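See structure below.
Since this is a predicted model, take the numbers as computed values, not measurements.
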Amino acid sequence: MIKITLPDGSVREFDQNVVTPFEVAGDISKGLQKKSLAAKVEGKVVDMDFPIEKDSELSLLTFEDEDGEDTFRHSSSHIMAQAVKNLFPGTKIAIGPAIKDGFYYDFDSEHVFTPEDLEKIEKEMERIVKEDNKFERKEMPRSEAIKLFQELGEDYKVELINDLPEDAKISIYTDGGFTDLCAGPHLPSTGHVKAFKLLNVAGAYWRGNSDNKMLQRIYGTSFPKKSDLENYLNLLEEAKKRDHRKLGQELGLFTLMDEGPGFPFFLPKGTKVKNLLLQYWREIHERENYVEIETPIILNKKLWETSGHWDHYRDNMYTLKIDEDDYAIKPMNCPGAFMVYRNDLHSYREFPIRLGEIGRVHRHELSGALHGLMRVRAFTQDDAHIFMLPEQIKDEIKNVVNKIDEIYEKFGFKYRIELSTRPEDSMGSDEDWENAEASLKKALEELGKPFTINEGDGAFYGPKIDFKLEDCLGRTWQCGTIQLDFQMPQRFDLTYVGKDNEKHRPITIHTVAFGSIERFIGILIEHFAGAFPVWLAPVQAKILTLTDKHNDYANKVYNELRKAGIRAEVDSRNEKIGFKIREAQLQKVPYMLIIGDKEVENDAVGLRKRGEGDLGALPLGEFKERVLKETQERSL
RNA sequence: GCCCAUAUAGCUCAGGCGGUAGAGUGCCACCUUGGUAAGGUGGAGGUCGGCGGUUCAAGUCCGCUUAUGGGCUCCA
């Protein structure tokens with residue numbers, strides 16, 4: 001007899017020696033049996049026909065569970081690989097995992113896959129799904145597995161097996177005529193994959209290493225129901241409408257030109273948004289006792305040798321000659337800030353010293369990596385360098401984390417924190433790195449902020465806490481960061497005079513809140529779908545005249561608003577009011593002020609709010625107060 | 001940097017098999033003076049991303065190149 005304990009604590013008994021999750025599901029209900037894709041037995045994800053031989057805890061996984069969804073997508077990728085191999089014999093298969101919202105499989109093929117091929121592959125997949133082949137698991141010894149895949153000509157699989165740990169159980173799955181190396185689990189059969197779509201082809205290096213061969217990766221997604229697939233595809237369409245590159249164009253915020261790949265041009269409205277963000281930043285930083293500096297864009301090569309950039313960051317730097325000497329355009333602001341620190345003698349009594357800098361940096365990013373405002377070659381960092389005593393580290397980091405949290409809160413952003421540790425190409429002793437990593441970790445833990453660890457992704461001079469924000473498609477981008485640095489103070493021989501009247505080395509952190517103002521604006525545009533809150537809107541109120549009789553009053557309103565510091569525009573064109581409203585609405589202007597006879601008589605404005613429609617007439621004075629209040633509070 | 005795709009008017013896009021370009025929108029002018037998401041008529045705008053080749057003839061075919069998009073790699 002076997003006792004199965006379910007997640008709700010209930011226990012079911014089976015009068016047999018072996019029971020499968022499929023049988024357990026059937027014992028609960030036929031519906032659940034049909035919906036279940038895989039199971040978790042004693043914490044391990046397994047197939048529905050996994051033999052359970054002893055009393056166990058079991059939970060059934062459906063598409064609603066993350067593991068169930070992954071199983072579903074993973075099986076989908078097998079079906080795609082099978083279809084590709086059927087249609088293009090000789091194709092070698094590499095890896096095909098489930099990913100967020102879908103799956104991919106990497107192929108090595110003489111044939112170059114085209115969008116038309118994707119349709120053919122989908123047709124073949126449909127056929128395989130209709131066959132409803134069972135996914136059958138088989139375990140085998142390493143040598144046998146290697147032999148099998150050698151015979152199949154699957155070199156990548158052989159390489160994968162060779163890299164598995166000595167004691168690893170090697171399992172393969174076969175459905176219909178297709179066999180693949182796979183840890184599993186899989187769906188009971190191919191017939192479950194009712195709705196799928198192949199989305200695009202992309203190049204991808206084998207094992208993500210650019211020294212390896214480039215394979216062809218096909219991305220797709222799949223769902224148990226057709227309607228779910230349609231919903232997802234609609235969501236993608238909707239997301240495209242929020243794309244900051246599209247909105248940036250439509251709203252006249254910024255533009256990119258062939259003449260400056262990766263070097264965005266900010267148009268008047270985009271520049272306004274940028275300046276409003278910087279104004280906010282300056283207010284916060286003044287409140288937090290930062291002082292602002294400005295350091296040169298171009299500095300002598302010697303400085304970059306001192307900082308280590310010349311050795312560790314040279315590939316990303318633009319260099320130039322001035323007279324006979326080598327110079328570089330700064331890719332980071334830190335060396336300049338350290339020079340400012342070194343310009344004076346410092347006492348421990350001054351600490352912490354917080355130097356802020358709105359600094360434009362240039363980095364040579366790979367051409368293929370450029371992406372709208374999100375990845376550019378010139379951007380503005382809202383930088384800060386803090387110099388302090390070792391015992392101030394933890395509190396200072398906490399201050400900075402709280403400050404970044406406050407700023408992101410202002411925009412209603414969800415964010416993720418990652419702690420990045422020592423990369424391969426780095427400077428400094430193991431001990432320094434361990435200390436640095438430990439103090440960052442401790443600060444986060446004491447604040448109770450959840451975070452994940454990103455191994456080997458630190459800066460070359462120290463570990464860092466990264467704040468990541470999402471774009472409209474759920475891609476994450478690093479924005480804020482706090483980087484601890486034990487290296488630069490040594491390299492620049494930074495010192496302070498301590499209580500003991502001796503020279504000591506200060507601790508330094510580098511930190512940004514927005515990160516790159518350009519990237520942050522990109523995220524902002526997508527987050528608000530271009531409809532900025534009143535305080536950030538480049539045009540806060542658009543004055544729309546009914547007829548040209550109303551132009552004088554409209555201009556009076558305009559002048560009064562401008563005098564009060566409200567960003568207004570007048571649309572006195574010879575057009576109907578519906579037309580002007582439509583245009584202002586598409587430009588996502590928060591307030592529209594309709595001016596007709598009624599308004600002129602009562603010294604009022606006909607208020608219409610973006611997203612809310614006609615709000616009726618309001619005395620001009622009241623409207624002014626309302627906007628000023630919202631602007632001052634920076635309300636969402 | 002690598003793989004694939006794309007590049008036509010300010011913007012969004014049409015242009016089967018090669019025969020020197022078209023729509024909508026925007027812009028300008030005129031008519032219309034209209035109360036909450038597109039009023040009407042007319043006009044101006046393009047050496048079809050760039051360079052080279054094939055051809056009597058190239059937006060269309062070929063090569064190279066630049067930029068953009070989707071990824072990989074790398075990073076704020």
Side-chain angles (χ1 to χ4, degrees), chain A residues 104 106 112-115 117 199-219 240 243 245-246 249-250 252 255-262 313 315-316 331-333 361 363-383 420 423 457 459-460 464 466-469 473 475 477-481 483 510 512-520 522-523 544-551 574-586 592-599 606-610 613-617:
Chain A
Y104 68 79
D106 286 346
V112 175
F113 297 116
T114 65
D117 291 333
L199 299 168
N200 47 24
V201 200
Y205 298 110
W206 167 235
R207 302 204 142 173
N209 184 335
S210 55
D211 296 332
N212 291 339
K213 180 164 184 180
M214 178 156 282
L215 308 175
Q216 297 185 70
R217 174 172 298 178
I218 301 180
Y219 284 89
K240 273 187 201 151
D243 191 309
R245 293 165 297 190
K246 183 176 157 67
Q249 160 92 274
E250 288 172 0
T255 187
L256 286 154
M257 308 197 199
D258 282 9
E259 288 78 358
Y313 208 73
D315 289 348
N316 284 290
M332 297 186 193
N333 300 304
V361 298
R363 299 183 185 176
H364 181 73
E365 296 295 338
L366 294 176
S367 58
L370 302 178
H371 181 94
L373 288 184
M374 303 296 198
R375 173 149 292 107
V376 291
R377 284 176 171 160
F379 57 101
T380 314
Q381 289 186 306
D382 58 321
D383 223 329
S420 294
D457 209 34
F460 68 83
K464 53 182 186 157
D466 290 330
F467 293 74
K468 303 217 166 176
L469 296 173
L473 287 174
R475 294 178 287 211
W477 298 92
Q478 183 184 316
C479 290
T481 181
Q483 314 185 342
H510 312 243
V512 288
F514 296 136
S516 140
I517 316 290
E518 288 75 3
R519 176 179 288 180
F520 198 82
I523 300 268
L544 311 178
T545 53
L546 223 50
T547 75
D548 51 19
K549 279 195 309 233
H550 308 113
N551 286 356
N574 180 9
E575 295 290 351
K576 290 194 174 171
I577 196 67
F579 181 90
K580 296 185 190 182
I581 287 172
R582 179 182 156 80
E583 201 154 282
Q585 184 79 30
L586 291 175
M592 286 162 250
L593 308 179
I594 284 71
I595 306 297
D597 288 344
K598 273 189 293 183
E599 286 75 18
L607 189 62
R608 186 187 165 95
K609 188 162 188 195
R610 173 187 70 197
D614 190 358
L615 299 180

| query | On a whole-Å scale, what distance lies between the P atoms belonging to B:rG63 and B:rA7? | reply | 16 Å

| task | Looking only at side-chain atoms of A:E599, point me to the closest of B:rG35, B:rU68, B:rC72. | result | B:rG35

| message | Any N or O donor-acceptor pair under 3.5 Å from the base of B:rU66 to the side chain of A:D258? | response | no

| note | Between A:G260 and A:G596, the residue closer to the 5' end of RNA chain B by nearest nucleotide is A:G596

| Which value, in whole Å, describes the distance between the P atoms of nucleotides B:rG46 and B:rG40? | 26 Å

| said: So if I take every side-chain heavy atom of A:Q381 and compare against B:rA76, B:rU73, B:rU33, which nucleotide ends up nearest? | reply: B:rA76

| message | If you only use heavy atoms from C-beta on, which nucleotide in B:rA37, B:rG70, B:rU68 is closest to the side chain of A:L586? | response | B:rA37

| Contact under 4.0 Å: A:K464 side-chain N or O vs B:rA76 OP1/OP2 | yes

| request: For the side chain of A:F579, starting at C-beta, report the closest nucleotide among B:rG71, B:rA38, B:rU36. | output: B:rA38

| request: Please report, rounded to the nearest Å, how far the P atom of B:rG34 is from the CG atom of A:L544. | output: 17 Å

| Side-chain N,O (A:R582) to OP1/OP2 (B:rU25) below 4.0 Å | no

| query | B:rG71 base stacked by A:Y219? Criteria: ring centres under 5.5 Å, plane angle under 30°. | reply | no

| field | Distance-only donor-acceptor test, A:Y205 side-chain atoms vs B:rG1 base atoms, 3.5 Å | value | yes

| query | Can you tell me the Watson-Crick or wobble partner of B:rA67, both distances under 3.5 angstrom? | reply | B:rU6

| request: Write down the distance separating the P atoms in B:rU33 and B:rG19, rounded off to the nearest Å. | output: 49 Å

| said: Below the 4.0 Å mark, does B:rC74 have OP1 or OP2 next to a side-chain nitrogen or oxygen of A:R363? | reply: no

| request: Please report the closest heavy-atom contact between A:W206 and A:N212, naming both atoms and the distance. | output: O-ND2, 2.8 Å

| query | Does a side-chain N or O from A:S367 land closer than 4.0 Å to OP1 or OP2 of B:rG1, or not? | reply | yes

| request: Go through the side-chain N and O atoms of A:R217 and A:Y219 and say whether any donor and acceptor fall under 3.5 Å apart. | output: yes

| said: Between B:rG50 and B:rC31, how far apart are the two C1' atoms, rounded to whole Å? | reply: 45 Å

| query | A:E575 side chain: which of B:rG35, B:rU33, B:rG39 is closest? | reply | B:rG39

| message | Side chain of A:K576, heavy atoms from C-beta onward: which of B:rG39, B:rG1, B:rG35 has the nearest atom to it? | response | B:rG39

| field | Pairing nucleotide - B:rC11, Watson-Crick or G-U, each distance under 3.5 Å | value | B:rG24

| query | OP1, OP2 of B:rA37 versus side-chain N and O of A:Q585: anything below 4.0 Å? | reply | no

| field | B:rA58 - base-pair partner by Watson-Crick or wobble geometry, distances under 3.5 Å | value | none

| note | Of the listed B:rU12, B:rG70, B:rA76, the closest approach to the A:E365 side chain comes from B:rA76

| request: Using whole Å, report how far CZ of A:R475 lies from P of B:rC72. | output: 10 Å

| request: Would you mind telling me which of B:rU68, B:rU12, B:rU36 lies closest to the side-chain atoms of A:P261? | output: B:rU68

| task | Any strand is fair game: report the nucleotide pairing with B:rA37 by Watson-Crick or G-U wobble, both distances under 3.5 Å, or none. | result | none

| message | Tell me if the side-chain of A:E583 makes a donor-acceptor pair with the base of B:rG26, cut-off 3.5 Å, by modelled atom types. | response | no

| note | To the nearest 0.5 Å, atom CG of A:L544 lies from atom CD1 of A:I577 at 5.0 Å

| query | Where does B:rG71 land, syn or anti, once you apply the within-90°-of-0 test for syn? | reply | anti

| Whole Å only: how far is the CG atom of A:D548 from the P atom of B:rC30? | 13 Å

| message | Between A:Q478 and A:R519, is there a side-chain heavy-atom distance shorter than 4.5 Å? | response | yes

| Span that lies between the P atom of B:rA67 and that of B:rA58, in whole angstrom | 28 Å

| What is the nucleic acid contact for A:G208, judged by heavy atoms within less than 4.0 Å: base, sugar-phosphate only, or nothing? | sugar-phosphate

| request: Sticking with atom P, work out how far B:rG49 lies from B:rU41, rounded to a whole angstrom. | output: 32 Å

| From CA spacing to verdict: side-chain contact (heavy atoms from CB on, under 4.5 Å), A:W477, A:H371 | CA-CA 11 Å; A:W477 298 92; A:H371 181 94; 3.9 Å; yes

| query | Using 4.0 Å as the upper bound for N to carboxylate O, is an ion pair formed by A:D614 and A:R608? | reply | no

| remark: Assign each of A:L373 and A:I581 the nucleotide of RNA chain B bearing its closest heavy atom; nearer the 5' end lies the nucleotide of A:I581

| query | From the list B:rG35, B:rG71, B:rC72, which nucleotide is the closest neighbour of the side chain of A:A202? | reply | B:rG71

| request: Please test A:R377 against A:R363 for side-chain contact (heavy atoms from CB on, under 4.5 Å), starting from the C-alpha separation and ending with a verdict. | output: CA-CA 5 Å; A:R377 284 176 171 160; A:R363 299 183 185 176; over 6 Å; no

| field | Watson-Crick/G-U partner (both atom distances under 3.5 Å) of B:rG1 | value | B:rC72

| request: Check the distance between B:rC74's P and A:W477's CH2 and give it to me in whole angstrom. | output: 14 Å

| Quick one: which of B:rU73, B:rG70, B:rC2 gets closest to the side chain of A:L366? | B:rU73

| In the strands shown, is B:rU47 matched to any nucleotide by a Watson-Crick or G-U wobble pair with both distances under 3.5 Å, and which? | none

| message | I'd like to check A:F379 versus A:L373 (side-chain heavy atoms, cut-off strictly below 4.5 Å). Are they in contact? | response | no

| message | I'd like to know if A:D243 pairs up with A:R245 as an ion pair, taking the criterion as any Lys NZ or Arg NE/NH1/NH2 lying under 4.0 Å from an Asp or Glu carboxylate oxygen. | response | yes

| Strand partner of B:rG18, provided both Watson-Crick or wobble distances fall under 3.5 Å | none

| request: Between B:rU8 and B:rG16, how far apart are the P atoms? Round to whole Å, please. | output: 16 Å

| A:R217 side chain N/O closer than 4.0 Å to the phosphate oxygens (OP1, OP2) of B:rC3? | no

| said: With rounding to the closest Å, how many angstrom separate the P atoms on B:rU60 and B:rG52? | reply: 14 Å

| message | Does B:rG70 have its OP1 or OP2 closer than 4.0 Å to a side-chain nitrogen or oxygen of A:H371? | response | yes

| said: How many whole angstroms separate atom CE of A:M214 from atom C1' of B:rC74? | reply: 13 Å

